[in-house]
Each structure stands twice: as structure tokens, then as C-alpha cells.
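Read through the structure below, which is laid out as C-alpha cells, and then see the notes.
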Amino acid sequence: MIRSVVFDVGETLLDDTREYGAWADWIGVPRHTFSAVLGAVTAAGHNNAETFQYFRPGFDLAQERKLREAAGRGEQIEESDLYPDVRRALSTLRDHGIWVGIVGNQTTRAAELLRALDLPCDAIATSGEWGVAKPEPAFFNRVADLAPGSRNEIIYVGDHCDNDVVPARAAGLKCALIRRGPWGHLWADRVHREGSADWVVDSLDALVKTLLA
């Protein structure tokens with residue numbers, strides 16, 4: 001029995017293309033170049049924040065976020081950034097009595113922007129608000145405290161093997177990997193082969209269909 005489904009944000013609910021493009025513009029490199037280096041960092045299994053170090057050694061991501069905000073070019077999340085299946089999937093789960101949460105490695109500002117979208121969910125939280133980030137066990141303990149049900153009745157859904165699937169499983173939660181975004185596509189076969197996720201899906205619609213079957 002599944003009582004709660006908790007979703008990651010970037011490349012699970014949100015298409016991050018626009019935000020990565022904004023970062024490329026901010027540091028003054030071509031978007032294609034930024035994407036290519038991001039891909040190399042991803043393939044090497046490193047934190048995507050390391051991408052900035054190749055262009056600006058010593059890059060302070062938190063400080064640069066503040067500078068972007070001050071310049072009127074800060075973080076934005078709009079309806080057009082949502083993947084097309086998001087509202088439909090979240091609404092269907094809630095219609096069937098399943099508690100829906102959104103919790104990911106995002107800033108406090110991102111939490112405000114997500115809440116402003118009035119998504120069909122029961123709770124939204126981010127690592128910026130909690131002061132702990134994935135893949136730390138404390139993050140998933142907070143998820144388990146937030147979502148109703150015992151740990152084996154809670155599913156965490158994300159696109160990243162090492163940040164989402166592996167630590168969620170270690171915390172006793174059920175987990176699903178969605179095959180979209182660079183991480184989801186890159187590691188879906190590995191996750192499927194190793195059986196580290198309970199489900200590997202191509203869309204949120206497919207996940208909902210599986211859960212409600």
C-alpha cells in the first residue's frame with residue numbers, strides 16, 4: 001500500500017533548460033558550451049555545481065545567486081518550466097487519496113516560486129529551507145517525517161541515481177527513477193540493471209498508471 005508520493009524538483013517536475021541557459025548567460029559562455037561541460041561533469045558522476053569551476057575557478061554559487069537577484073536576473077520558475085504531465089499526475093494521485101509532496105535540492109527562493117504555482121500537492125519544501133541536502137540521510141529522514149505513512153508506504157521519485165534512488169532506498173523508502181533530464185537518461189539502464197529502484201519510468205503518467213493499477 002502506498003500512502004505518500006514525494007517528488008524531486010529539477011528534471012522530475014521542472015525542465016531545467018531555461019535555468020541552465022540563464023547561468024550560461026550570466027557567466028558569459030555559449031549555452032552549448034555550458035551544456036557540453038555540464039554533460040561531461042554529469043557523466044563523470046560529479047556534482048553538477050562543479051561545472052562552474054571549469055569556467056571560473058573558485059566560483060561561489062551562493063554569492064553568484066545573490067548577485068543575479070540583485071541584478072534582476074534571479075531564479076525564476078514559471079508554468080512553462082513544468083513538464084506537461086506534472087499537474088495531471090499530481091492531481092490524479094491526490095484524487096485517489098494519495099498524499100503528494102514536493103521536496104528537492106533547491107533554494108528557499110525556489111520554494112517560494114513553486115508555492116506560487118499553486119500545484120496540486122499537500123506540501124512543498126526544499127533543502128534551502130531545511131538546511132540539509134540530498135544525498136544526506138538526514139534529508140530523507142525529514143522526508144519520512146513529513147509524509148504520512150511508514151517508510152515502506154512512501155515513494156520518493158527523482159531523476160538522479162546517487163542523489164535520489166540510492167539514498168532513498170537506504171532510508172527505507174520506496175523509490176522510482178524517471179528517465180528524463182541528463183541524469184535520468186544516463187543512469188536509467190544502470191538503475192534497472194542493479195534493481196536499485198522499485199520502478200523505472202519514462203513519465204509521471206507512466207508512474208501513476210503503475211501505482212494505480
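As the structure is a computational prediction, the values presented were derived from the model and not from experiment.
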- Query: Got a salt bridge between Lys134 and Asp164, using NZ or NE/NH1/NH2 to carboxylate O under 4.0 Å?
  - Reply: yes

- Supply the atom-to-atom distance Glu194 CD to Asp189 CG, rounded to the nearest 0.5 angstrom. 11.0 Å

- Query: Any salt bridge between Arg115 and Glu129, counting N to O under 4.0 Å?
  - Reply: yes

- Using a strict cut-off of less than 4.0 Å between a Lys/Arg side-chain nitrogen and an Asp/Glu carboxylate oxygen, indicate whether Arg109 and Glu112 qualify as a salt bridge. yes

- Message: Pair Asp60, Arg65 - check side chain to side chain contact (heavy atoms under 4.5 Å, CB included), show working.
- Response: CA-CA 9 Å; Asp60 185 332; Arg65 285 189 189 280; over 6 Å; no

- Message: Test your reading of the model: is there a side-chain donor-acceptor pair from His96 to the backbone of Thr92, 3.5 Å cut-off?
- Response: yes

- Item | Any side-chain donor near an acceptor of the partner, Trp183 and Glu11, under 3.5 Å | no

- Message: Check Arg68 with Glu19, please: is the shortest side-chain N to carboxylate O separation under 4.0 Å?
- Response: yes

- Heavy-atom side-chain proximity of Ile154 to Arg3 below 4.5 angstrom: no

- Message: Are Asp85 and Arg180 packed together at the side-chain level, in the sense that at least one heavy-atom pair is separated by less than 4.5 angstrom?
- Response: yes

- Assess whether side chain to side chain contact (heavy atoms under 4.5 Å, CB included) is satisfied between Ile178 and Asp202, documenting all intermediate values. CA-CA 6 Å; Ile178 185 165; Asp202 291 322; over 6 Å; no

- According to a 4.5 Å side-chain heavy-atom criterion applied to Ile, Leu, Val, Met, Phe, Trp and Tyr, with indirect links allowed, do Val191 and Phe140 form part of one hydrophobic cluster? no

- Message: I want to check something: taking the side chain as every heavy atom from C-beta on, are Val201 and Arg179 in contact at a cut-off of under 4.5 Å?
- Response: no

- Task: Measure the acute angle between the ring planes of Tyr20 and Phe34, then classify it against the limits of 30° and 60° as parallel, tilted or perpendicular.
- Result: tilted

- Item | salt_bridge(Asp162, Arg190) N-O dist < 4.0 Å | yes

- Item | Heavy-atom closest pair, residues Asp159 and Gly10 | OD1-O, 3.1 Å

- Message: Is there a side chain to side chain contact (heavy atoms under 4.5 Å, CB included) between Asn105 and Phe139? Walk through the geometry before answering.
- Response: CA-CA 9 Å; Asn105 275 0; Phe139 178 95; 4.0 Å; yes

- Query: Does any non-hydrogen side-chain atom of Ile155 lie less than 4.5 Å from one of Val6?
  - Reply: no

- Item | Pair Arg94 + Asp122: basic N to acidic O under 4.0 Å | yes

- Under a 4.5 Å cut-off applied to non-hydrogen side-chain atoms, are Val41 and Tyr54 in contact? yes

- Arg87/Asp118 ion pair, N-O < 4.0 Å: no

- Do Ser150 and Asn152 have side-chain atoms, one donor and one acceptor, less than 3.5 Å apart? yes

- Message: Can you give me the closest heavy-atom contact between Asp8 and Leu13, atom names plus distance?
- Response: O-CG, 3.4 Å

- Query: Do Trp199 and Leu211 have side chains that get closer than 4.5 Å, going by heavy atoms?
  - Reply: yes

- In terms of heavy-atom contacts, Ser196 and Arg169 come closest through O-NH1, 2.7 Å

- Message: For the CG atom of Asp81 and the CG atom of Asp15, what is their distance to the nearest 0.5 Å?
- Response: 7.0 Å

- Item | Beyond-backbone contact of Val157 with Cys175, side-chain heavy atoms, under 4.5 angstrom | no

- Query: For the residue pair Thr107 and Thr126, what are the closest heavy atoms and their distance?
  - Reply: O-OG1, 3.1 Å

- Query: Leu14 and Leu204: same hydrophobic cluster, using ILVMFWY side-chain contacts below 4.5 Å?
  - Reply: yes

- Task: Over all heavy atoms of both residues, which pair between Asp198 and Lys174 is shortest? Give the atoms and the distance, please.
- Result: OD2-CA, 3.3 Å

- Leu177 and Gly184 have their tightest heavy-atom pair at CD2-O, 3.9 Å

- More than 12 heavy atoms from other groups under 6.0 Å of CZ on Phe59: yes

- So CG of Asp205 and OH of Tyr83: to nearest 0.5 Å the spacing works out to 14.0 Å

- Query: How long is the gap from CG on Asn47 to CG on Asn163, to the nearest 0.5 Å?
  - Reply: 7.0 Å

- Item | Heavy-atom side-chain contact between Val103 and Phe7 under 4.5 Å | no

- Task: Inspect the contact between Arg56 and Glu64 and indicate whether a charged nitrogen and a carboxylate oxygen are less than 4.0 angstrom apart.
- Result: yes

- Item | Reported CD1-to-CD1 distance for the pair Ile124 and Ile102, which is rounded to 0.5 angstrom | 4.5 Å

- Task: Could you tell me the separation between the CG atom of Leu207 and the OG1 atom of Thr12, rounded to the nearest 0.5 Å?
- Result: 10.5 Å

